[in-house]
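Inspection log for the structure reproduced underneath, given as structure tokens.
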Amino acid sequence: QVQLVESGGGLVQAGGSLRLSCAASGRTYSSYTMGWFRQAPGKEREFVAAIRRRGGSTYHADSVKGRFTISRDNAASTVFLQMNNLKPEDTAVYYCAATRRDVISLNQQEYDYWGQGTQVTVSS
């Protein structure tokens, strides 16, 4: 079992940056592919980025490509989401998720564990 705790959210002006962290408990953290999703008010939760369990490959949604970067530190059992050039449309609750599958998955149904979320608000 894996428990996930996100941090790093907050209020930032458009064009600014934030770095989200997701700390995982459990000795098998490195065996999980990790993903970030977000949910804006009144919208469905959507995929943002994912990184395979050994950190060899990543995938970012088109809406964040070139601005956001997912990375992981297996020794620290932490996955990060560096968010640059933030836009008001990036405002959402950001969730960290983990799946045992060693593939990049955009489908939230394939993720086994979820964090509680952290709020990101971008003002114009």
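In what follows, every heavy atom counts, from backbone to side chain, and hydrogens, waters and symmetry copies are set aside. This structure is a prediction, so every number in the text was calculated from the model and none was measured.
- Among residues two or more places apart in sequence or in another chain, the ring-ring contact (aromatic ring centres under 6.0 Å, His included) test is passed with F68 by none.
- Residue A40 comes nearest to A92 through the heavy atom pair N-CB, 3.7 Å, listed as atom of the first residue, atom of the second, then distance.
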**Asked** Given the rule in the side-chain contact (heavy atoms from CB on, under 4.5 Å) test, do Q82 and L20 qualify, once you have shown the distances and angles that lead to the verdict?
**Response** CA-CA 6 Å; Q82 178 66 44; L20 304 183; over 6 Å; no
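- The minimum heavy-atom distance between G115 and Y95, with the atom names listed, is O-CD2, 3.7 Å.
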**Asked** Does the side-chain hydrogen bond (donor to acceptor under 3.5 Å, both in side chains) test come out yes or no for R100 and Y113, once each step is laid out?
**Response** CA-CA 9 Å; R100 297 183 185 90; Y113 304 102; 2.7 Å; yes
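- Hydrophobic cluster membership is shared by V64 and V12, with clusters built from Ile, Leu, Val, Met, Phe, Trp and Tyr side chains linked at under 4.5 angstrom.
- Atom CD1 in I104 sits 11.5 Å away from atom CE in M34 (nearest 0.5 Å).
- Using a 4.0 Å cut-off between charged nitrogen and carboxylate oxygen, K65 and D62 count as a salt-bridge pair.
- In this structure a side-chain-to-backbone donor-acceptor pair under 3.5 Å is present from H60 to I70.
- Of all heavy-atom pairs spanning L18 and L86, the tightest one is N-CD1, 3.8 Å.
- Not counting sequence neighbours, the partners of S105 by the side-chain hydrogen bond (donor to acceptor under 3.5 Å, both in side chains) test are E110.
- Among residue pairs with one or both ends in residues 39-50, those qualifying as side-chain hydrogen bond (donor to acceptor under 3.5 Å, both in side chains) are R38-E46, R45-Q108; sequence neighbours excluded.
- Nearest heavy atom pair, residue S17 against residue N85, reads OG-N, 4.3 Å.
- Nearest approach of D90 to R67, heavy atoms of both residues: OD2-NH1, 2.7 Å.
- When atom types are taken as modelled, the side chain of R52 and the backbone of S57 share no donor-acceptor pair closer than 3.5 angstrom.
- Judged as a ring-ring contact (aromatic ring centres under 6.0 Å, His included), and not counting sequence neighbours, Y94 has no contacts.
- Side-chain atoms of R53 and R101, non-hydrogen and from C-beta on, never get closer than 4.5 Å to each other.
- Contacts of Q3 classified as side-chain contact (heavy atoms from CB on, under 4.5 Å), with partners at least two apart in sequence or in another chain: S25.
- Checked by atom type and distance alone, the side chain of D73 pairs as donor or acceptor with a backbone atom of A76 at under 3.5 Å.
- Evaluation of the side-chain contact (heavy atoms from CB on, under 4.5 Å) rule for A97 yields F37, Y111, W114 as partners, not counting sequence neighbours.
- Residues A23 and T78 come closest through the heavy atom pair CA-OG1, 4.2 Å.
- Formation of a donor-acceptor pair under 3.5 Å by the S21 side chain with backbone atoms of F80 is not found in this model.
- A donor-acceptor contact shorter than 3.5 Å is absent between the side chain of T99 and the backbone of T33.
- A donor-acceptor pair under 3.5 Å is formed between the side chain of E6 and the backbone N or O of Q116.
- Within the 4.5 Å cutoff, the side chain of V79 has heavy atoms near those of the C96 side chain.
- You'll find the side chain of V93 stays beyond 4.5 Å of the side chain of T118, heavy atoms only.
- The hydrophobic clustering, which links ILVMFWY residues whose side-chain heavy atoms are closer than 4.5 Å, places L4 and F47 apart.
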